[in-house]
Amino acid sequence: MNPTLEQKQWMYRHMLVSRLFEETIEKIYLEGKTPVFNMANGPIPGEMHLSNGQEPCAVGVCAHLNKEDVVTATHRPHHQAIAKGVDLKKMASEIFGKETGLSGGRGGHMHLFDADVNFSCSGIVGQGLGPAVGAALSRKMQNKAGVAVSFFGEGAANQGAFHESLNLAAVWKLPVIFVIEDNAWGISVAKETATAVDRNAVRAAAYDMPGVYVPGNDPDAIFVAAGEAVSRARAGDGPSLLDIETYRLAGHFMGDAEAYRPEGEKEDLLSKDPILVYEKALLASGDLSESDNSDIKERAKREVDEAIEFARESPFSSPESALDHVFA
Amino acid sequence: MPAKERKLTVARAMAEAMSQEMRIDERVFVMGEDVGPLGGVFGNTRGLFEEFGEERVRDTPISETAFMGAAVGAAADGMRPIVELMFVDFFGVCFDAIYNLMAKNTYFSGGHVNVPAVIMTSTGGGYSDGGQHSQCLYGTFAHLPGMKVVVPSNAFDAKGMMTAAIRDNSPVVYMFHKGLQGMGWLGTEAGATVNVPEEQYTVEIGKAATVSEGEDVTIVSLGMGVHHSLHAAAQLREQGVSAEVVDLRSLVPLDRDHIFNSVKKTGRLVVVDEDYRSYGVSGEIIASVVERDISILRYPPQRVAYPDIPIPFAHHMEQWALPNAEKIVAACLKAIQPDE
Ligand SMILES: Cc1ncc(C[n+]2csc(CCOP(=O)(O)OP(=O)(O)O)c2C)c(N)n1
Ligand SMILES: [Mg+2]
């Protein structure tokens with residue numbers, strides 16, 4: 001089913017929030033890291049994996065999800081978290097390592113956990129799939145509503161965990177949607193040199209589930225494909241695999257020189273920025289008026305500004321509180 | 001005339017050792033994630049792809065289970081693979097090949113099958129990379145029989161131990177600390193970048209080194225901890241305390257004699273380990289001394305180690321938990337002046 005006008009605007013708005021959030025994080029991340037780029041410095045230290053360019057995958061899928069549905073995400077989780085409804089203030093605070101963060105600073109940007117909306121992530125490639133299968137199993141065993149979605153990169157589809165999890169979900173007919181965000185790169189390694197098949201969608205056949213390739217990095221097309229997969233899961237008909245073409249507009253992480261990219265690739269991708277493309281399409285089709293657009297942009301900016309301000313102004317927890325929460 | 005000075009980073013020293021050995025031994029090849037044109041996320045395979053090409057310097061899919069298993073099979077079949085596990089924290093997805101195959105096949109075969117593979121893997125935190133990208137896990141690997149485990153603390157040892165590791169007929173786990181690599185973005189400890197001879201040489205696996213001599217207290221450490229210990233020893237010297245710093249360099253085999261002899265001289269032992277405190281390297285070092293002769297100790301052994309918690313992301317929490325020179329100084333003073 002095609003998205004309604006409200007759903008289109010919802011997707012557009014969440015993509016914008018994600019992008020604005022990351023553009024702000026990007027600037028702050030560089031504070032204290034010039035002229036010498038040392039990851040340990042600045043208000044946001046550590047690795048920073050931006051998701052700009054990949055927002056359509058998150059919104060196209062999460063537009064079908066409710067709070068009770070489960071999402072497991074990756075080392076590149078911001079867009080997925082925002083689309084799933086993770087509290088933006090607490091998320092920003094976590095990325096700053098503050099006491100008011102989702103985990104009080106214990107997790108950081110690769111380990112965002114928001115139990116209120118059933119969102120979690122892991123920085124180990126491929127290790128979100130098993131937990132998604134388990135969440136789906138739990139829903140089935142408890143006869144509770146809800147499906148599980150595992151987002152991961154095309155690189156992760158070469159992990160054993162991918163193959164084992166798809167098989168397990170299929171054998172037990174679990175309500176899981178496996179979502180590949182194929183940005184064509186795993187750090188510096190191009191997909192075509194690392195993956196035996198052109199399209200990961202074909203791998204679904206090995207596990208007797210639908211495998212749908214969605215080209216174009218287009219929120220509407222992703223929405224349609226995800227809608228079918230989610231309905232199938234909700235109806236008790238088992239798992240599906242979505243294989244989405246998307247673009248990584250930035251480096252693998254901040255500080256990546258991206259010398260491995262073929263000449264012109266970056267410029268080409270930037271010219272296809274999915275948010276700009278979608279904005280243009282919505283304006284052209286009349287799904288978005290100019291005044292709606294500026295309202296949405298203003299609201300997105302306000303949300304992001306408030307979240308960042310909250311994070312900036314929040315206190316750090318005591319260092320000794322590092323000892324807390326090791327056990328339940 | 002003094003030999004020509006040539007300071008190398010640990011990353012370059014590792015790459016040089018690999019390339020020199022690859023030139024003389026066709027069986028040596030390198031595989032792992034981003035080890036090809038990128039030259040490794042931590043720079044330690046830089047230049048190898050250009051020199052040896054894609055046949056011998058192989059970027060792998062993100063399939064550690066497969067390529068770690070492949071290293072075992074290739075090594076048993078006459079090759080000498082060097083496999084990179086990008087962060088030691090990722091061992092979980094390939095540990096079976098490491099500890100059930102690589103470490104045991106020599107034994108299971110009664111010595112008829114050897115597995116001359118090198119796993120090179122990065123360790124350590126301090127730059128807020130969170131609890132899945134900052135661990136050391138020295139004790140985890142050293143605990144399992146059948147693998148040698150080395151942890152260089154400077155570029156000279158890094159080159160010599162890499163050459164020794166490649167030539168060793170047993171599997172060697174070569175653990176390099178990110179903070180010693182010489183990558184600017186990781187804020188490298190300057191003391192790790194030292195003079196390195198151009199020609200090939202080996203540093204014997206299983207031999208510790210005294211990197212600073214002293215009389216009052218022995219500080220035993222490895223990797224990044226050696227540098228914290230050297231900084232602590234300098235601070236202690238200003239306070240009139242003479243600390244001896246022992247760099248373990250190798251965890252398996254462990255140079256127990258070297259440790260014992262130093263502690264026998266000083267009567268006091270402080271172990272510094274960035275790995276988790278319990279069930280690990282620090283306990284083993286202390287046990288190796290006390291089980292031999294507890295009477296040489298004038299004060300209970302102290303340890304400055306990582307608390308038994310997952311590594312927090314937040315900078316202030318992580319720094320609070322990590323070993324540092326101040327903590328080492330305090331532990332040494334406690335051992336020397338217990339009443340103060
Ligand atoms: C098991 C494991 N191996 C390697 C890594 C290092 N690593 C982090 S992200 C990444 C690339 C992942 O590629 P992909 O799955 O396509 O996701 P993308 O980064 O493109 O979003 C690698 C190799 C890791 N975190 N975990
Ligand atoms: Mg990718």
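Computed from a predicted structure; not experimentally measured. Note that these values count all heavy atoms, side chains included, but never hydrogens, waters or copies made by symmetry.
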Test your reading of the model: is there a side-chain donor-acceptor pair from B:Ser63 to the backbone of A:Gln159, 3.5 Å cut-off?
no
So does B:Arg12 have more than 12 non-hydrogen atoms from other groups sitting under 6.0 Å from CZ?
no
If you count every heavy atom of other residues, nucleotides or ligands that lies below 6.0 Å from B:His143 atom NE2, does the total exceed 12?
no
Might you confirm whether atom NZ of A:Lys90 has over 12 heavy atoms from other residues, nucleotides or ligands at distances under 6.0 Å?
no
Looking only at A:Val326, A:Ile124, A:Val36, A:Asp256, the option with the highest number of non-hydrogen pairs under 4.5 Å against chain B is A:Ile124
Shorter than 4.5 Å, heavy atoms on both sides: which option in A:Ser122, A:Ser318, A:Gly101 has the most such pairs with chain B?
A:Ser122
Proximity breakdown for A:Phe316 and chain B, heavy-atom pairs closer than 4.5 Å:
both
Tell me whether B:Gln132 contacts the main-chain N or O of A:Gly123 through its side chain, where contact means a donor paired with an acceptor under 3.5 Å.
yes
Structural part of B:Pro307 lying under 4.5 Å from a heavy atom of chain A
side chain
From CZ (A:Arg106) to CZ (B:Phe313), nearest 0.5 Å:
13.0 Å
Please test B:Trp320 against A:Leu323 for side-chain contact (heavy atoms from CB on, under 4.5 Å), starting from the C-alpha separation and ending with a verdict.
CA-CA 10 Å; B:Trp320 174 81; A:Leu323 299 174; 3.6 Å; yes
From CD1 (B:Ile62) to CD1 (A:Ile187), nearest 0.5 Å
6.5 Å
Pick one of side chain, backbone, both or neither for A:Phe162, based on which atoms fall under 4.5 Å of a heavy atom in chain B.
neither
Can you find a heavy atom in the side chain of A:Val125 that is under 4.5 Å from one in the side chain of B:Glu64?
no
Determine the minimum heavy-atom distance between A:Gly97 and B:Ala314, stating which atoms define it.
O-CB, 3.5 Å
Just verifying a value: how many Å separate B:Leu186 CG and A:Phe37 CZ, rounded to the nearest 0.5 Å?
9.5 Å
Answer with side chain, backbone, both or neither: which region of A:Thr193 has an atom nearer than 4.5 Å to a non-hydrogen atom of chain B?
neither
Using a cut-off of 6.0 Å, state whether more than 12 heavy atoms not belonging to B:Glu55 lie near its atom CD.
no
Segment of A:Ser317 engaging chain B (4.5 angstrom heavy-atom cut-off)
both
Which portion of A:Gln127 sits near chain B, non-hydrogen atoms under 4.5 angstrom:
side chain
Would you compute the distance between atom CE of A:Met39 and atom NZ of B:Lys178 and round it to the nearest 0.5 angstrom?
10.0 Å
What residue, out of B:Gln319, B:Glu54, B:Glu318, B:His316, has the most heavy-atom pairs lying under 4.5 Å from chain A?
B:His316
Most contacts with chain B, counted as non-hydrogen pairs under 4.5 angstrom, among A:Glu47, A:His325, A:Glu94, A:Lys33:
A:Glu47
Tell me, side chain or backbone of B:Asp34 under 4.5 Å from chain A's heavy atoms, or both, or neither?
both
Residue A:Met110 versus chain B: region with a heavy atom under 4.5 Å
side chain
Side chains of A:Asn38 and B:Trp185, heavy atoms from C-beta outward: is any pair under 4.5 Å?
no
Flag the one option from A:Ser188, A:Ala156, A:Ala157, A:Gly108 with the top tally of heavy-atom pairs under 4.5 Å to chain B.
A:Ser188
Heavy-atom pair with the smallest gap, counting every atom of B:Ser128 and A:Pro45:
OG-CG, 3.3 Å
Give, for atom OG1 of B:Thr65 and atom CD of A:Glu164, the distance between the pair rounded to the nearest 0.5 Å.
7.5 Å
